[in-house]
S.K.: 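Before we start, here is the structure in question, set down as structure tokens.
In what follows, every chain begins at residue 1, and chains take the letters A, B, ... in the order their sequences are listed.
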Protein chains: 2
Amino acid sequence: MTALGFTQHDHAKCVRSGLAAAEAQCRARKLRLTPVRRRALEILLSEHRALGAYDLLARLSEEGLGSQPPVAYRALDFLVKAGFAHKVEALNAYLACAHLGDDHAPAFLICRACRSVAETATTPRQGRLGAAAEEAGFLIERTVVEAQGLCPACRKAAA
Amino acid sequence: MTALGFTQHDHAKCVRSGLAAAEAQCRARKLRLTPVRRRALEILLSEHRALGAYDLLARLSEEGLGSQPPVAYRALDFLVKAGFAHKVEALNAYLACAHLGDDHAPAFLICRACRSVAETATTPRQGRLGAAAEEAGFLIERTVVEAQGLCPACRKAAA
DNA sequence: TGGCTATTGATATGTTATAACATACAAGGT
DNA sequence: ACCTTGTATGTTATAACATATCAATAGCCA
């Protein structure tokens, strides 16, 4: 799996196909992609950065789509539950899912310089964490795997 | 490495030895384990749960050790920087380090039922995350690895 | 001693998130 | 068309987490 987000790509397409995939999912799963939710997803998709709930709220309210925190949090809750977005715990911020459609355990590469975030996948039940959980008798339900550091571009800039 | 926190152990000793190790480190590294910092560490050591900054503050202020948020955050910053405590990002909460003394990349097993947290270790640069970072040209500086689920006791209780 | 730095104290503020309650609106049955 | 049910939204308030700033003080050491 390549870590999109640090590489050049047709971004408009990336937004379009993300929205299309979400729409298809909603039809299939009888979820309602309301205007606020749709626009919230579109805003997240238009970045490869994680946005705070209040950043999102600011953009939504510019367009008359609500102005109070719950509006943003509800939209984000929906997107996260539906698997259309992820929360980046280390940033308390939210990111459009880059692999919309498949069920996956996400992992993130977070650039501390430019704040861009790339999503990749992890298999937490394997590897050392899984082994530790096994040994302890711990049942893993969800994992948070996030690396902070420097993306290729910022690495080059720093050198 | 066993995941202390879900298992029986001599807890008083665990507090004493943690404090002793921190004191030794401070002497060696010329850090100042002031009363607030020392007591904050002791409070964290006396739990195998992550405490929020305001939980800690409440306990400190009961004892006259400051009453405003900066007091707790400064103590926590010191403890985290010194490696005596870790922040659990998924909870926005703090935990005494269980392997005080050795340099390590921590990982956490977090029980959603009883909120106990066990610390274990990870080797993030190996495994899938490391491979993804390598491929992307991303330089990992720090990792957050946290599993949420059920500890052995709560698993049994649920069944 | 004097100057430097780290720490503390105090106040205010910023940021992230949820509770609680009221209202609107869509979908389906009668 | 009318009502019922469930979902979504609007609104207000507050909880929870975190930092900025500035003045006062304590420890260190040249």
S.K.: Can you pull out every side chain to side chain donor-acceptor pair (under 3.5 Å) where at least one residue sits in residues 80-96 of chain B? Sequence neighbours excluded, please.
M.R.: His86(B)-His104(B), His86(B)-Glu119(B), Glu89(B)-Arg142(B)
S.K.: Rounded to whole angstrom units, what separation is found between the CZ atom of Arg37(A) and the C1' atom of dG10(D)?
M.R.: 15 Å
S.K.: At what angle, to 10 degrees, do the two end axes of the helix from dT1(C)-dA30(D) to dT30(C)-dA1(D) meet, given five pairs define each axis?
M.R.: 20°
S.K.: Hey, is the side chain of Thr34(A) poking within less than 4.0 Å of OP1 or OP2 on dT9(D), counting only N and O atoms?
M.R.: yes
S.K.: Which sits closer to the 5' end of DNA chain D, Lys30(B) or Glu89(B), going by the nucleotide each is nearest to?
M.R.: Glu89(B)
S.K.: Taking atom CZ of Arg49(A) and atom SG of Cys114(A), what is their separation to the nearest 0.5 Å?
M.R.: 9.0 Å
S.K.: Measure the distance from CG on Leu57(A) to P on dT11(D) and round it to the nearest whole Å.
M.R.: 13 Å
S.K.: May I have the distance from Leu60(B) (atom CG) to dT8(C) (atom C1'), rounded to whole angstrom?
M.R.: 13 Å
S.K.: To the nearest Å, give me how far apart NZ (Lys81(A)) and C1' (dA8(D)) are.
M.R.: 13 Å
S.K.: For a quick check, with a 4.0 angstrom heavy-atom cut-off, what is the B/S/- contact string for nucleotides 16-27 of chain C, read 5' to 3'?
M.R.: BBBBB-----S-
S.K.: Calculate, to the nearest 0.5 Å, the distance between atoms CD and CZ belonging to Gln25(B) and Phe84(B) respectively.
M.R.: 5.0 Å
S.K.: Go through the structure and list residues passing side chain to side chain donor-acceptor pair (under 3.5 Å) with Arg74(A), not counting sequence neighbours.
M.R.: none
S.K.: Between C1' on dA6(C) and CZ on Arg29(B), what's the gap in Å once rounded to a whole number?
M.R.: 16 Å
S.K.: Does the pair Tyr73(B) and Tyr54(B) meet the rule for a side chain to side chain contact (heavy atoms under 4.5 Å, CB included), with working shown?
M.R.: CA-CA 9 Å; Tyr73(B) 281 102; Tyr54(B) 280 64; 3.7 Å; yes
S.K.: How many Å lie between CG on Leu31(B) and P on dA6(C), as a whole number?
M.R.: 12 Å
S.K.: List the residues meeting side chain to side chain donor-acceptor pair (under 3.5 Å) with Gln126(A), not counting sequence neighbours, and say none if there are none.
M.R.: none
S.K.: Identify, with sequence neighbours excluded, every residue that meets side chain to side chain donor-acceptor pair (under 3.5 Å) alongside Glu141(A).
M.R.: Arg112(B)
S.K.: Could you grab the distance from atom CZ of Arg37(B) to atom SG of Cys26(B), nearest 0.5 Å is fine?
M.R.: 8.5 Å
S.K.: Between the side chains of Glu42(B) and Arg39(B), is the shortest nitrogen-to-carboxylate-oxygen separation below 4.0 Å, so that they form an ion pair?
M.R.: yes
S.K.: Can you tell me the distance, in whole Å, between the CG atom of Leu76(A) and the C1' atom of dT9(D)?
M.R.: 15 Å
